[in-house]
Amino acid sequence: MGVFTYTDEHTSPVAPARIFKASILDSHILMPKLLPDAITSIQLIKGDGGAGSIKQINFAGGFAKHQIDEVDEKTFTYKYTLIEGNGVSDKIEKVSYDIKFDGSPDGGSISKMTTTIYTHGDFEIKEEELKAGKEKVLGLYKVVEAYLLKNPDAYV
């Protein structure tokens with residue numbers, strides 16, 4: 001098995017509490033609303049939303065199941081593992097994400113996401129595939145950020 005890890009960082013003018021609540025805690029409500037052509041629904045299929053719960057994201061072209069490993073509303077930390085569906089295959093066993101939102105000096109936030117991809121055998125992920133995955137995640141983040149900037153009273 002191969003293990004590939006990379007970390008990304010993004011700054012935002014939106015405070016950590018707002019972006020955490022919107023993009024993590026209320027993702028099941030907000031994401032289908034903001035991206036109806038891409039995300040048809042998000043539902044909790046096991047648990048109460050805390051550690052051990054399983055969330056299913058239904059896309060126009062498939063689905064993904066995430067196992068929630070940790071949610072900490074005080075430290076704005078969210079850890080989850082992609083365990084089934086789009087992104088998991090005979091070559092990729094699972095993908096784990098560790099997301100942390102910290103405050104920045106200007107009142108905004110700095111998000112750090114560490115992604116760990118576990119592959120079957122000696123399969124290696126190409127740089128283009130990693131870049132495409134990073135761009136998708138950043139795109140989702142930017143959509144939520146834009147919504148929060150347009151709606152300053154949302155998620156306060």
Side-chain angles (χ1 to χ4, degrees), residues 3-44 47-61 63-83 85-88 92 94-118 125-156:
V3 178
F4 301 90
T5 300
Y6 61 90
T7 301
D8 287 311
E9 190 172 294
H10 176 73
T11 58
S12 171
V14 179
R18 287 186 70 212
I19 202 140
F20 184 80
K21 185 170 185 189
S23 65
I24 305 297
L25 300 180
D26 280 1
S27 65
H28 61 289
I29 297 166
L30 195 57
M31 291 301 198
K33 177 182 167 180
L34 297 179
L35 299 163
D37 293 336
I39 299 174
T40 58
S41 67
I42 299 176
Q43 47 205 158
L44 208 53
D48 61 1
S53 297
I54 296 179
K55 186 186 289 190
Q56 181 167 316
I57 296 94
N58 297 302
F59 303 106
F63 74 97
K65 287 185 183 176
H66 294 171
Q67 176 178 302
I68 300 169
D69 302 315
E70 179 185 327
V71 181
D72 190 326
E73 295 180 52
K74 291 180 183 151
T75 62
F76 309 120
T77 303
Y78 184 61
K79 297 177 184 181
Y80 69 95
T81 303
L82 172 62
I83 56 171
N86 295 24
V88 176
I92 297 176
K94 65 182 178 178
V95 183
S96 294
Y97 300 89
D98 184 343
I99 304 166
K100 172 108 172 82
F101 296 92
D102 288 313
S104 62
D106 63 359
S109 61
I110 301 168
S111 67
K112 294 178 186 172
M113 182 167 78
T114 300
T115 304
T116 305
I117 303 169
Y118 299 84
I125 299 169
K126 295 183 173 120
E127 188 63 36
E128 308 87 61
E129 294 169 320
L130 287 176
K131 185 177 178 186
K134 289 178 186 181
E135 287 175 4
K136 279 184 185 179
V137 171
L138 183 58
L140 291 172
Y141 185 83
K142 287 290 198 181
V143 167
V144 172
E145 178 183 79
Y147 172 80
L148 293 173
L149 290 172
K150 272 188 183 175
N151 298 278
D153 295 332
Y155 297 98
V156 222

Can you find a pair of side-chain heavy atoms, one from [X] and one from [Y], that are under 4.5 Å apart?
{"X": "P13", "Y": "D106", "answer": "no"}
{"X": "F20", "Y": "T75", "answer": "no"}
{"X": "P16", "Y": "D102", "answer": "no"}
{"X": "V143", "Y": "L35", "answer": "yes"}
{"X": "I39", "Y": "L140", "answer": "yes"}

What residues form a ring-ring contact (aromatic ring centres under 6.0 Å, His included) with [X], not counting sequence neighbours?
{"X": "F59", "value": "none"}
{"X": "Y155", "value": "none"}
{"X": "Y78", "value": "Y80"}

So, for [X] and [Y], which heavy atoms are closest and what is the spacing to 0.1 Å?
{"X": "I110", "Y": "S104", "result": "CG1-CB, 3.9 Å"}
{"X": "V156", "Y": "D153", "result": "CG2-O, 2.8 Å"}
{"X": "S96", "Y": "Y118", "result": "OG-CE1, 3.8 Å"}

Mind checking the [atom1]-[atom2] spacing from [X] to [Y]? Nearest 0.5 Å is all I need.
{"X": "T7", "Y": "M113", "atom1": "OG1", "atom2": "CE", "answer": "9.0 Å"}
{"X": "Q43", "Y": "I57", "atom1": "CD", "atom2": "CD1", "answer": "9.5 Å"}
{"X": "K100", "Y": "D72", "atom1": "NZ", "atom2": "CG", "answer": "8.0 Å"}
{"X": "T77", "Y": "D98", "atom1": "OG1", "atom2": "CG", "answer": "7.0 Å"}
{"X": "I68", "Y": "L44", "atom1": "CD1", "atom2": "CG", "answer": "6.0 Å"}
{"X": "Y6", "Y": "T114", "atom1": "OH", "atom2": "OG1", "answer": "10.0 Å"}

- Task: Give me the ring orientation class for F101 and Y141: parallel if the planes are under 30° apart, tilted from 30 to 60°, perpendicular past 60°.
- Result: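 Plane angle under 30°, so parallel.
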Under a 3.5 Å distance rule, please check whether [X] uses its side chain to pair with a backbone N or O of [Y] as donor and acceptor.
{"X": "T40", "Y": "N58", "value": "yes"}
{"X": "S53", "Y": "D48", "value": "yes"}
{"X": "T81", "Y": "I83", "value": "no"}

- Mind running side-chain contact (heavy atoms from CB on, under 4.5 Å) on S111 and I19 for me, showing each step along the way? CA-CA 10 Å; S111 67; I19 202 140; over 6 Å; no
- Query: Should H10 and E145 be marked as a side-chain contact (heavy atoms from CB on, under 4.5 Å) after you check the CA-CA gap, both sets of side-chain angles, and the distance that decides it?
  - Reply: CA-CA 11 Å; H10 176 73; E145 178 183 79; 3.6 Å; yes
- Message: List the residues meeting salt bridge (charged side-chain N to carboxylate O under 4.0 Å, His left out) with K112, not counting sequence neighbours, and say none if there are none.
- Response: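 Salt bridge (charged side-chain N to carboxylate O under 4.0 Å, His left out) check on K112 returns nothing, list empty.
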- Item | With sequence neighbours excluded, residues passing salt bridge (charged side-chain N to carboxylate O under 4.0 Å, His left out) with D69 | none
- Query: Does anything in residues 16-32 pair up under side chain to side chain donor-acceptor pair (under 3.5 Å), and if so which pairs, sequence neighbours excluded?
  - Reply: S27-K55
- Apply the test side-chain contact (heavy atoms from CB on, under 4.5 Å) to residues I24 and E73: give CA-CA distance (whole Å), side-chain angles for both, the deciding distance (0.1 Å), then the verdict. CA-CA 10 Å; I24 305 297; E73 295 180 52; over 6 Å; no
